[in-house]
Protein chains: 2
Amino acid sequence: MTAAVSGWVGDGYDPQCPTRVLLDRVGDKWTVLVIGALADGPLRFTELRDRVGGVSGKVLTATLRALARDGLVIRTAYPQIPPRVEYSLTDLGRSLQTPLDVLRTWAEQHIAQVVAHREEFDEEHDQ
Amino acid sequence: MTAAVSGWVGDGYDPQCPTRVLLDRVGDKWTVLVIGALADGPLRFTELRDRVGGVSGKVLTATLRALARDGLVIRTAYPQIPPRVEYSLTDLGRSLQTPLDVLRTWAEQHIAQVVAHREEFDEEHDQ
DNA sequence: CGGTATCCCGTCAGATACTG
DNA sequence: CAGTATCTGACGGGATACCG
């Protein structure tokens with residue numbers, strides 16, 4: 001978390017803290033999936049839902065709306081019948097992929113240790 | 001999210017996916033604060049609670065337990081009266097600080113844009 | 001097609017009270 | 001001091017049904 005004065009921990013759970021804002025978005029269940037799905041180019045609503053897999057329409061709508069609100073994604077509606085809506089990453093959205101890649105790399109290299117530790121911990125701590 | 005075969009989006013919300021596992025932990029409300037607080041060295045339970053600020057004892061306990069289970073934090077209890085318990089980062093926990101720093105840097109550089117975009121968006125979309 | 005509206009339920013944070 | 005136990009309300013997410 002960004003420090004308020006010194007060190008790392010500023011004022012606890014401050015909704016204004018940049019890191020907090022980012023974490024609240026990135027921590028969202030579907031945000032990272034959606035950004036990843038859009039990495040290769042624009043997608044329509046249904047394509048996006050199919051690619052992400054497991055997400056309901058309602059929740060995908062909410063996720064996309066939040067991303068659009070944050071300026072990470074652009075929604076483009078073509079006035080046609082039937083409707084055609086495309087979603088694409090903004091430059092800001094694309095710039096987020098770098099930190100996400102760093103996270104992903106860490107995960108790929110270290111999650112095995114985490115999982116192993118979990119099993120060990122669980123064996124010790126119950127029956 | 002780590003890909004199952006190719007591209008970025010693997011199998012949707014797979015609890016086994018390394019990136020998912022990491023995000024589920026990092027996305028937690030207090031995890032990053034606690035890791036940040038422990039960056040400078042070990043802390044006792046109460047010190048930690050005071051530093052993080054706003055976290056209840058129950059929730060801090062749960063957060064610490066999860067971090068200990070994942071092997072990111074070590075809990076050391078000294079058999080004294082009154083009890084003395086210290087928490088410190090493991091090497092694994094410390095290694096996580098690098099990706100978190102990258103995230104924080106991105107946040108510090110770009111969140112202003114996000115917030116500005118939010119206000120703009122909100123103005124357009126209601127009353 | 002691309003949503004919105006509605007209902008429902010599980011999870012979880014917060015507050016409070018208590019214990020070794 | 002460092003927790004645990006319990007109750008509570010808020011919220012997020014899924015399922016379903018419907019609309020322009």
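Residue numbering restarts at 1 for every chain, and letters A, B, ... go by the order of the sequence lines. The analysis underlying the following values was restricted to heavy atoms, covering all of them including side chains, and did not include hydrogens, waters or symmetry mates.
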Next item on the list: Assign B:Tyr87 to base, sugar-phosphate, or nothing according to its heavy-atom contacts below 4.0 angstrom with the strands shown.
Entry: sugar-phosphate

Next item on the list: Give B:Thr46 one of three labels, base, sugar-phosphate or nothing, depending on what nucleic acid heavy atoms sit under 4.0 Å from its own.
Entry: sugar-phosphate

Could you state the atom-to-atom distance from [atom1] of [X] to [atom2] of [N] in whole Å?
X: B:Ile81; N: C:dT19; atom1: CD1; atom2: P; answer: 16 Å
X: A:Arg75; N: C:dC1; atom1: CZ; atom2: P; answer: 16 Å
X: A:Arg84; N: C:dG2; atom1: CZ; atom2: P; answer: 8 Å
X: B:Asp24; N: C:dC12; atom1: CG; atom2: C1'; answer: 14 Å
X: B:His125; N: C:dT4; atom1: NE2; atom2: P; answer: 10 Å
X: B:Leu43; N: D:dA2; atom1: CG; atom2: C1'; answer: 15 Å
X: A:Glu47; N: C:dC1; atom1: CD; atom2: P; answer: 11 Å
X: A:Arg49; N: C:dC1; atom1: CZ; atom2: P; answer: 8 Å

At less than 4.0 Å, is any side-chain N or O atom of [X] found next to OP1 or OP2 of [N]? Yes or no.
X: B:Trp30; N: C:dG14; result: yes
X: B:Lys29; N: C:dC12; result: no
X: A:Arg44; N: C:dC1; result: no

Next item on the list: May I ask you to check whether A:Phe121 and A:His125 place their ring centers less than 6.0 Å from one another?
Entry: yes

Checklist line | Reported CG-to-CG distance for the pair B:Leu100 and A:Leu103, which is rounded to 0.5 angstrom | finding: 7.0 Å

Checklist line | For DNA chain C, the residues among residues 57-69 of chain A that have a non-hydrogen atom under 4.0 Å from it | finding: A:Lys58, A:Thr61, A:Arg65

Check: Any side-chain donor-acceptor pair under 3.5 Å between B:Trp106 and A:Ser95?
Finding: yes

Checklist line | Partner of A:Ile35 under side-chain contact (heavy atoms from CB on, under 4.5 Å), chosen from A:Thr31, A:Val32, A:Leu38 | finding: A:Thr31

Item checked: Residues which pass salt bridge (Lys or Arg N to Asp or Glu O under 4.0 Å) with A:Arg49, listed by chain and number, not counting sequence neighbours -> none

Next item on the list: Provide the closest heavy-atom pair for A:Arg69 versus B:Asp122 in the form atom of the first, atom of the second, distance.
Entry: NH1-OD2, 2.5 Å

Next item on the list: Output yes when A:Asp70 and A:Arg65 qualify as a salt bridge under the 4.0 Å nitrogen-oxygen rule, no when they do not.
Entry: no

Check: Looking at the side chain of A:Val85, which of D:dA2, D:dG14, C:dG3 is the nearest nucleotide?
Finding: C:dG3

